[in-house]
Amino acid sequence: MYCIKKITDDLTWVGANDRRLAMFEGVYNVPDGVSYNSYLLTDEKTVLFDTVDKSVHHRFLENLEAALRGRTLDYLVVHHMEPDHSASVIELTIKYPEMKIVCNEKILALIKQFNYFDTDSRVCLVTENDTLQTGRHTIRFLMAPMVHWPEVMVSYDMTDKVLFSADAFGCFGALNGALFSDEVDFKRDYMDEARRYYSNIVGKYGPQVEALLEKTSALDTKMICPLHGFIWRKNTGDILSKYALWSSYTPEENGVMIAYASVYGNTENAAELLACKLRDKGVKTVMFDVSVTPASNIISAAFKWSHLVFASTTYNAGIFVTMESLISDLVEHNIQNRTVAIIENGSWAPTSGELMRGKLSECRNLTFIDKTISLLSSLRMEQLEELDEMAEAIAATFPQSAVAAPAVKTEALPPPPADVDPTAAFKFTYGLFVLTARDGDKDNGCIINTAIQITEKPFRISVAVNKANFTCDMILKTGEFNISILAESVPFSVFQQFGFQSGRDADKFNGCGYDTRAANGIMYLPENTTGVMSGKVADTYDYGSHMLFIADVTQAFVLSPEMSVTYQYYFAHIKPKPPAPKEKKAGYVCRICGYVHEGDELPDDFICPLCKHGAEDFEKL
Ligand code: FEO
């Protein structure tokens, strides 16, 4: 039986989940399964965005047929030719003989490599910014080389503002009946899997992901539809800000990841003692036994934490096998911008420390804690001091604000500063609201965070508004307003609409698509709003920069059971984070596959290690 889910009136998820797969791509454990997403747009033309892996091919075909409801398939857009998304291409060409395949040249080459059939007669080739008109919708194509293969592109539905992002913004894990990230506790249950997916699948290609982020930042994106995992229709800033960190190799959190390889427990013992000493200094720590925890989890953690400690026994005069493999993986995944400390062990000739340091030195911008601790079989009592020094040296590199107070306090708290710290105001638990007013035919509104209830009987509220706001003038004149109490689902575009322009020279409701008015005739926001209150001004107080209105509530109603948004939630989840300051990298990028060669010079005889094209196909970054 088909299993499809509606996303919008004309967009349907027709993908499928695989919970039997042990190792994704043969390498990554997926204990919670994986989804292969495919999306069908039913407009005047029907358009399928990507197919699925062969393991779920039959369910997918059933889904597609059900979603088409007797119509034929006009277009298949192929964003990425990795077989987990393209296994059904050939079957679709047989089933829908009139179907056109929309792709770029590199995708076409891969189609021919993977599935030889007559493609040329049915292919519509697209390049950067080409569009496809399907009726009501216009689809624009953007190239995204190396996110995750060289042929990758993404597309943007300019009509409904949907980004079909290929592997970008994907996540391990089957969908389990949900489809949207806001239907689950993504931060708690899935963010680690999103990072594990990112760091292992595209972590190596940070500059190419940054290039895609730069392109998509110019788009007004309301929804992100990736090829794996949940669709983002709310709080897209949550995942976009993580991608900005991951792609620039910026740690997400201050803390120490300790990875150890220990045959008989003595290296583990030293690692554990170091973790205790760090915790005593208020430093966050996580630990992994590299022989037990899958490497993909440890790579993901390395992308998260600011400091990395590697502790390994010596084995066959080298690094212990699982640690050697982990470090090679980390180097290949381009890990950088971290502080690193090393502990080695060896019963007769410890060499693993120098070897680990040598391998890691291939990474960019790693800062090593000078002294390596060298164990002979086990930690000796007199070496406790060395562990203390290492813990001290690591802790000293953290900003003071990142180090929690020690668990046991022995000193009295210092007296608080006597002056006024304006940032203390950020600790207020403000809400966020759209304050609307109407004067004649003019509707207007602005964002405020200063509406509160004063009394219950009579039901009175106060609202403080900056006098520079046009809405303030309108309320002074008319004595009436509405407050739309914003929900946590409110997108950043609402703040842009009502907060980043003036009602004196813009119609803030232009193109909003609704005309919802309370009994006082003033607009309110029907979406992303938990409740609405109408106020009739009883008193007005002039406080210099702001006007304070005391108002009787004349109408009030609840619109949604969602949580109302707070100022802190807005900063944590809605307002996009500024990208990390970019270090201008010197280098050359391959025009064919997107490979980046770092350095000032590109030798004339340079051959791209990925696509084997020569120096003539490279251009300066
Ligand atoms: Fe999910 Fe790169 O394929």
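Here, residue 1 is the first one in the sequence, and each next residue gets the next number. In listed order, ligands and their atoms are each counted from 1.
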> So does Tyr2 have more than 12 non-hydrogen atoms from other groups sitting under 6.0 Å from OH?
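At most 12 heavy atoms, drawn from other residues, nucleotides or ligands, come within 6.0 Å of this atom.
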
> Anything protein N/O/S under 2.8 Å from atom 1 (Fe) of ligand 1? Just list residue and atom, please.
Asp84 OD2, His85 NE2, Asp167 OD1, His228 NE2

> In terms of side-chain heavy atoms, does Ser199 have a donor or acceptor partner in His333 at a distance below 3.5 Å?
no

> Is there a side-chain contact between Val77 and Phe141, using heavy atoms and a 4.5 Å cut-off?
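Yes - at least one pair of side-chain heavy atoms lies under 4.5 Å apart.
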
> Salt bridge check, Lys222 against Asp220: does any charged N sit closer than 4.0 Å to a carboxylate O?
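Result for this pair is yes, salt bridge flagged.
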
> Measure the spacing between NZ of Lys187 and CG of Asp238 and express it to the nearest 0.5 Å.
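Result: 7.0 Å between the selected atoms.
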
> So, Arg136 and Asp157, do they make that salt bridge, N to O below 4.0 Å?
no

